[in-house]
Amino acid sequence: MNKIPNHVAIIMDGNGRWATERGMSRSAGHKEGAKTLEKLAIYAQDKGIKVLSVYAFSTDNFKRSKEEVDYLMNLFIVYFKEKFDRVIKKNVKVLFSGRKVNLRSDVIDAMEEVTNKTKDNTGCILNICFNYGGQEEIVDASLKLFKDLNSKKIKEEDINKETFSKYLYQDLPPIDLLIRTGKEQRLSNFMLYESSYAELYFPDTYFPDFKENCLDEALKYYENRDRRFGNIKKD
Ligand code: IPE
Ligand code: IPE
Ligand code: MG
């Protein structure tokens, strides 16, 4: 395989249905999903993918029951604090994108701990979108830009799509390949600015079952795409 995408993004959907179909609790599905993410992060690094962005918790997921939200928050703490050691040892650098407001302080602490622990790692960037919304990101970026305009840090004539992208949560390359598991074909407010020319891939798989071989399939799909970016095919 030679055409490896720089930036792969995954909407990790279907944990709940994966578990329900097996007569298990939704929580069991989230736990299994976390294990899958750990495997994929290591595999992405081995494959030479530069950035792996994953949708772990959306701003809208707070609409779920307190029980489910609490379970997810506790699971994330355990993962960020204890279970991510293998990922960290693999030289993966962990970043978080999203709003900190509304998050419990122990969740924020766990995020800061893993960000600090991996800040000098030079391998694959794992960008975990947590309490994240794509429209919220664009609004937050606009507010920062507005402040810089007001304080004359940036001039109106210097605003373009590239400079605007520096105001997003992270300064990352555009998404090349966007995967959504969970048998749905929608974006659910995920990385709207970053995915403008992403190739879209919708496997018929719930996230806990999206193992290394499934990522290989997605990479194969990507390899065969002809990306024109508005241009016409060159022979
Ligand atoms: C994705 O799986 C994980 C989160 C949103 C946190 P879901 O929990 O949405 O699982 P389904 O879609 O209900 O099966
Ligand atoms: C998207 O899945 C959010 C994450 C995977 C974290 P949802 O399950 O929340 O999305 P909808 O409700 O199906 O659009
Ligand atoms: Mg879902």
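Ligands are counted one by one from 1 in listed order, and the atoms in each one are counted from 1 as well.
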- Message: With a sphere of 6.0 Å drawn around NZ of Lys147, does it hold more than 12 non-hydrogen atoms of other residues, nucleotides or ligands?
- Response: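 Counting neighbours around NZ of Lys147, 12 or fewer heavy atoms of other residues, nucleotides or ligands fall under 6.0 Å, so no.
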- What atoms of ligand 2 come within less than 4.0 Å of a heavy atom belonging to Arg180? 2 (O), 10 (O), 11 (P), 13 (O)
- Message: List ligand 2 atoms under 4.0 Å from Arg186, heavy atoms only on the residue side.
- Response: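 Reading through ligand 2 atom by atom, the close ones are 11 (P), 13 (O), 14 (O).
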- Angle class for the Tyr169/Tyr132 ring planes (parallel below 30°, perpendicular above 60°, tilted otherwise)?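 If you compare the ring of Tyr169 with that of Tyr132, the planes turn out perpendicular.
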- Describe, in one word, how the ring planes of Tyr197 and Phe229 are oriented to each other, choosing from parallel (under 30°), tilted (30 to 60°) and perpendicular (over 60°). tilted
- Message: Per the ring-ring contact (aromatic ring centres under 6.0 Å, His included) rule, what does the pair list look like for residues 82-124, sequence neighbours excluded?
- Response: Phe80-Phe96
- Message: Please check this pair: side chain of Asp109 against backbone of Asp106, looking for a donor-acceptor N/O pair closer than 3.5 Å.
- Response: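 Not at all, since once roles are kept as given, no pair shorter than 3.5 Å links the two residues.
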Side-chain donor-acceptor pairs under 3.5 Å in residues 34-42, sequence neighbours left out?
{"residue": "Thr36", "atom": "OG1", "partner": "Glu32", "partner atom": "O", "Å": "3.2"}
{"residue": "Thr36", "atom": "OG1", "partner": "Pro208", "partner atom": "O", "Å": "2.8"}

- Proximity of Phe76 and Phe130 rings by center, below 6.0 Å: yes
- Check whether NZ of the Lys or CZ of the Arg Lys83 lies under 6.0 Å from the centre of the six-membered ring of Tyr79 and within 45 degrees of that ring's axis.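 Yes, Lys83 lies over the aromatic ring of Tyr79.
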- Decide whether a cation-pi geometry holds between Lys183 and Phe202; the criteria are a distance under 6.0 Å from NZ or CZ to the six-membered ring centre and an angle within 45° of the ring axis. no
- Message: Taking 2.8 Å as the limit, list every protein N, O or S atom around the Mg ion (ligand 3), by chain and residue number.
- Response: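 Protein N, O or S atoms closer than 2.8 Å to the Mg ion (ligand 3): Asp13 OD1.
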- Message: I'd like the residue list for ligand 1, meaning every protein residue with a non-hydrogen atom under 4.0 Å from the ligand.
- Response: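 Lining ligand 1: Met12, Asp13, Gly14, Asn15, Gly16, Arg17, Arg26, His30, Ala56, Asn61, Arg64, Glu68, Leu72.
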- For the residue pair Ser97 and Asn127, confirm or rule out a side-chain donor-acceptor distance under 3.5 Å.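 Distance-only check passes for Ser97 and Asn127.
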